[in-house]
2 protein chains.
Amino acid sequence: MATPHSPLQSEACPIVQVIDRVAGKWAVSILIAATKAPVRYTELERNIPGISRRMLTLTLRNLERDGLLVRTVYPTVPPKVEYTATDSARELYRHLVGLTEWAERHQPDIIQARIAYDREHATAA
Amino acid sequence: MATPHSPLQSEACPIVQVIDRVAGKWAVSILIAATKAPVRYTELERNIPGISRRMLTLTLRNLERDGLLVRTVYPTVPPKVEYTATDSARELYRHLVGLTEWAERHQPDIIQARIAYDREHATAA
DNA sequence: CTGGATCCTCATCGATACTG
DNA sequence: CAGTATCGATGAGGATCCAG
């Protein structure tokens with residue numbers, strides 16, 4: 001960490017804020033999509049399995065509010081809205097990629113660890 | 001995250017799994033503490049402001065289950081339990097540091113963005 | 001097509017009390 | 001010291017309907 005002090009002061013730790021901001025898989029999914037190319041509302045709805053309209057809208061608003069997405073409205077007859085990742089978001093995305101790579105590397109380990117743990121702590125059947 | 005058990009087979013993209021695993025400030029706070037040095041239960045309870053016993057235990061169990069923490073019990077008369085970060089967790093921590101730095105760099109921007117957004121979308125004055 | 005507003009459910013979390 | 005068990009409050013999130 002840039003500031004190796006205040007080890008356990010979670011409130012002051014910026015990473016907590018990032019986690020909170022990105023908390024919920026929806027934000028990340030949207031961010032990933034929008035970083036690759038400007039995306040439309042319906043496009044996101046189709047490409048993110050299981051997301052509800054409500055959460056899509058809510059998450060989009062939050063990301064927009066935090067300056068991670070830019071919302072562009074084209075006043076055409078069928079309304080068209082595009083969401084574009086800002087530079088800030090693209091930079092964040094690079095770090096998320098770091099996490100992705102970690103996840104990919106350790107996914108098998110985690111799965112194994114869970115299996116082992118569950119077997120160990122199995123509810124006597 | 002506080003779910004007692006995450007599904008063993010997650011079909012989601014790896015980054016979503018990381019986010020889910022680390023979602024909630026407690027996991028990160030604990031991870032940070034345990035990465036720096038082995039920590040005891042009460043030590044965590046004292047140093048993580050606002051955490052409840054329930055969440056502390058739950059989060060510890062999940063991290064342990066995923067192979068990110070190792071739980072060591074010393075069968076002494078006053079029981080002593082130490083939680084130690086695994087290599088896997090330490091590697092994850094390095095990536096979390098990347099996120100931290102991003103957060104520190106962009107925190108002012110985000111705050112500004114929110115202020116601007118809120119002013120723009122103020123409930124019709 | 002893009003969302004805002006509403007209702008309602010259920011999971012999550014905090015507080016408390018109890019135990020090895 | 002290091003937890004577990006239980007209960008109640010809170011709010012995130014899904015479903016639905018309506019509007020620009």
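Here is how names work: the chains are called A, B, and so on, in the same order as the sequence lines, proteins then strands, and each is numbered from 1.
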>> Quick check: on DNA chain C, is the nucleotide nearest P78(A) upstream (toward 5') of the one nearest T57(A), or the reverse? Name the residue that is more 5'.
In response: P78(A)
I need the [atom1]-[atom2] distance between [X] and [N], as an integer number of Å.
X: E43(B); N: dC1(D); atom1: CD; atom2: C1'; value: 13 Å
X: I30(A); N: dG3(C); atom1: CD1; atom2: P; value: 11 Å
X: L58(A); N: dG3(C); atom1: CG; atom2: P; value: 12 Å
X: Y41(B); N: dT19(C); atom1: OH; atom2: P; value: 17 Å
X: Y83(A); N: dC1(C); atom1: OH; atom2: P; value: 14 Å
X: L56(B); N: dA2(D); atom1: CG; atom2: C1'; value: 10 Å
X: M55(B); N: dA11(C); atom1: CE; atom2: P; value: 15 Å
X: R53(B); N: dA2(D); atom1: CZ; atom2: P; value: 10 Å

>> On the nucleotide dG13(D), are OP1 or OP2 found under 4.0 Å from the side-chain N or O atoms that S52(A) carries?
In response: no
Could you report the tightest heavy-atom contact between [X] and [Y], atom names first, then the distance?
X: L68(B); Y: S88(B); value: CD2-OG, 3.9 Å
X: Y41(A); Y: R53(A); value: OH-O, 3.3 Å
X: A89(A); Y: L31(A); value: CB-CD1, 4.2 Å

Compare the minimum distances between each of [options] and the side chain of [X], then state the nucleotide with the smallest one.
X: R54(A); options: dA15(D), dG3(D), dC1(D); result: dA15(D)
X: R40(B); options: dG14(D), dA2(D), dC1(C); result: dA2(D)
X: P79(A); options: dG14(D), dG20(D), dA2(D); result: dG20(D)

>> Does Y74(A) reach a base, just sugar-phosphate, or nothing at all? Heavy atoms under 4.0 Å.
In response: nothing
>> Count I, L, V, M, F, W, Y as connected when their side-chain heavy atoms are under 4.5 Å apart, and connections chain through other members. Are Y83(A) and V70(A) then in the same cluster?
In response: no
> Is a donor on one side and an acceptor on the other found under 3.5 Å between the side chain of R90(A) and the backbone of T35(A)?
Replying inline: yes
